[in-house]
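Shown next, in structure tokens, is the structure this report addresses.
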Amino acid sequence: MFLHKSTIVALLSMCAVTFAFAQRTTEPDVVPSEKEIKSFEKAKLSLAEAIAVAAKKHKNAKVVDVSFDNQGDQLAYKVKTYQDNSVWEGAVDAWTGQIVGDGTTTPVSKLDDEDKLELAGLQKASIDLATATARAEEKGSGKAISAGLEETNGRIVYEVTIVSRGATTKFVVDPTSGLIK
């Protein structure tokens, strides 16, 4: 079988595009377990309060991700903040509101491409994660168990998961307009 050079180039291009899309598959949603939801519902500190605590940790910090975590002995919110061209990852105690330990700081240059893309999208946001969370909590008539900046289909959005009556619902909030989709 004889193939023209243009046919070979087209086939190679299709393979490259297919491979690139296969590499950018979205992460599966992590649905909190019933045990985790029950622990979350008993926590003294709300996710919104954890965002406020994390934002105060560093001057001019923007919280980019927060999620309730009941792994281990201590109930806490895992948090990520962006400031001074670096990302700090740490935890906020869900009972006391205190920062747990020192956390870790990673320069943006050491982040993967998806994280860099998300942070670039943050610069264009007109609302912060706290505002997106409050809007989703109002819409979902519940409390947020996780919220964060995500890249979805080439767009940067806030994804907020709400717990209401023991069930979870995920809301997508546009960081530019603040509209919930």
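Keep in mind it's a predicted model, so treat the numbers as computed, not measured. Residue indices begin at 1 and follow the sequence shown.
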| message | Set out, in order, the CA-CA distance, both residues' side-chain angles and the distance that settles side-chain contact (heavy atoms from CB on, under 4.5 Å) for Val87 and Leu111, then state yes or no. | response | CA-CA 9 Å; Val87 173; Leu111 300 175; 3.7 Å; yes

Would you say the side chain of [Y] lies within less than 4.5 Å of the side chain of [X], judging by non-hydrogen atoms?
X      : Y      : answer
Leu47  : Ile51  : yes
Asp93  : Gln74  : yes
Val172 : Tyr158 : no
Glu36  : Ser39  : no
Glu114 : Glu118 : yes
Asp115 : Glu151 : no
Leu149 : Asp65  : no
Lys116 : Val108 : yes

Go through it in stages, so that I can follow the logic: the residues are Lys124 and Ile156, the test is side-chain contact (heavy atoms from CB on, under 4.5 Å), and I'd like the CA-CA distance, side-chain angles, deciding distance and then a yes or no. CA-CA 10 Å; Lys124 298 174 187 171; Ile156 305 303; over 6 Å; no

Would the number of heavy atoms belonging to other residues, nucleotides or ligands and lying under 6.0 Å from [atom1] of [X] be above 12?
X      : atom1 : value
Glu41  : CD    : yes
Asp102 : CG    : no
Gln123 : CD    : yes

Ignoring hydrogens and angles, tell me if any N or O in the side chain of [X] forms a donor-acceptor pair with the backbone of [Y] under 3.5 Å.
X      : Y      : answer
Arg135 : Ile180 : no
Trp88  : Ala61  : no
Ser164 : Ser141 : yes
Thr81  : Val63  : no
Tyr77  : Ile145 : no

Drop me the distance from Asn85's CG to Thr106's OG1, to the nearest 0.5 angstrom.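 Answer for the CG-OG1 pair, Asn85 versus Thr106, is 12.0 Å.
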
To the nearest 0.5 Å, what is the distance between OH on Tyr82 and NE2 on His58?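 These two atoms lie 13.5 Å from each other.
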
If hydrophobic clusters are built from ILVMFWY residues whose side chains come within less than 4.5 Å, do Val100 and Phe68 share one?
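Shared cluster, no.
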
task: Look at the side-chain heavy atoms of Ile, Leu, Val, Met, Phe, Trp and Tyr, link any pair under 4.5 Å apart, and say whether Leu75 and Val92 land in one connected group.
output: yes

Basic-acidic side-chain contact under 4.0 Å: [X], [Y]:
X     : Y      : value
Lys62 : Asp128 : no
Glu89 : Lys78  : no
Asp84 : Lys59  : no

Heavy-atom closest pair, residues [X] and [Y]:
X      : Y      : answer
Val163 : Gly166 : CG1-N, 4.3 Å
Ala91  : Val79  : N-CG2, 4.2 Å
Ala147 : Val160 : CB-CG2, 4.0 Å
Gly97  : Val53  : O-CG1, 3.4 Å

Exercise. Will you find, in the side chains of Glu49 and Ser46, an N or O donor that is under 3.5 Å from an N or O acceptor?
Worked result: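 Their side chains do contain a donor-acceptor pair, which is all the 3.5 Å distance test asks for.
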
Distance-only polar pair, side chains of Thr152 and Glu150, donor-acceptor under 3.5 Å: no

Test side-chain contact (heavy atoms from CB on, under 4.5 Å), reference Val173, set Ile127, Leu179, Thr133, output is Ile127

Please evaluate residues Leu122 and Val64 with respect to the criterion side-chain contact (heavy atoms from CB on, under 4.5 Å), reporting the C-alpha separation (whole Å), side-chain torsions for both, the decisive distance (0.1 Å), and the verdict. CA-CA 8 Å; Leu122 181 65; Val64 295; 3.5 Å; yes

Taking the six-membered ring of Phe40 (Phe, Tyr or Trp), confirm whether the NZ or CZ of Lys143 is under 6.0 Å from its centre and within 45° of its axis.
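Yes, cation above the ring, under 6.0 Å and within 45°.
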
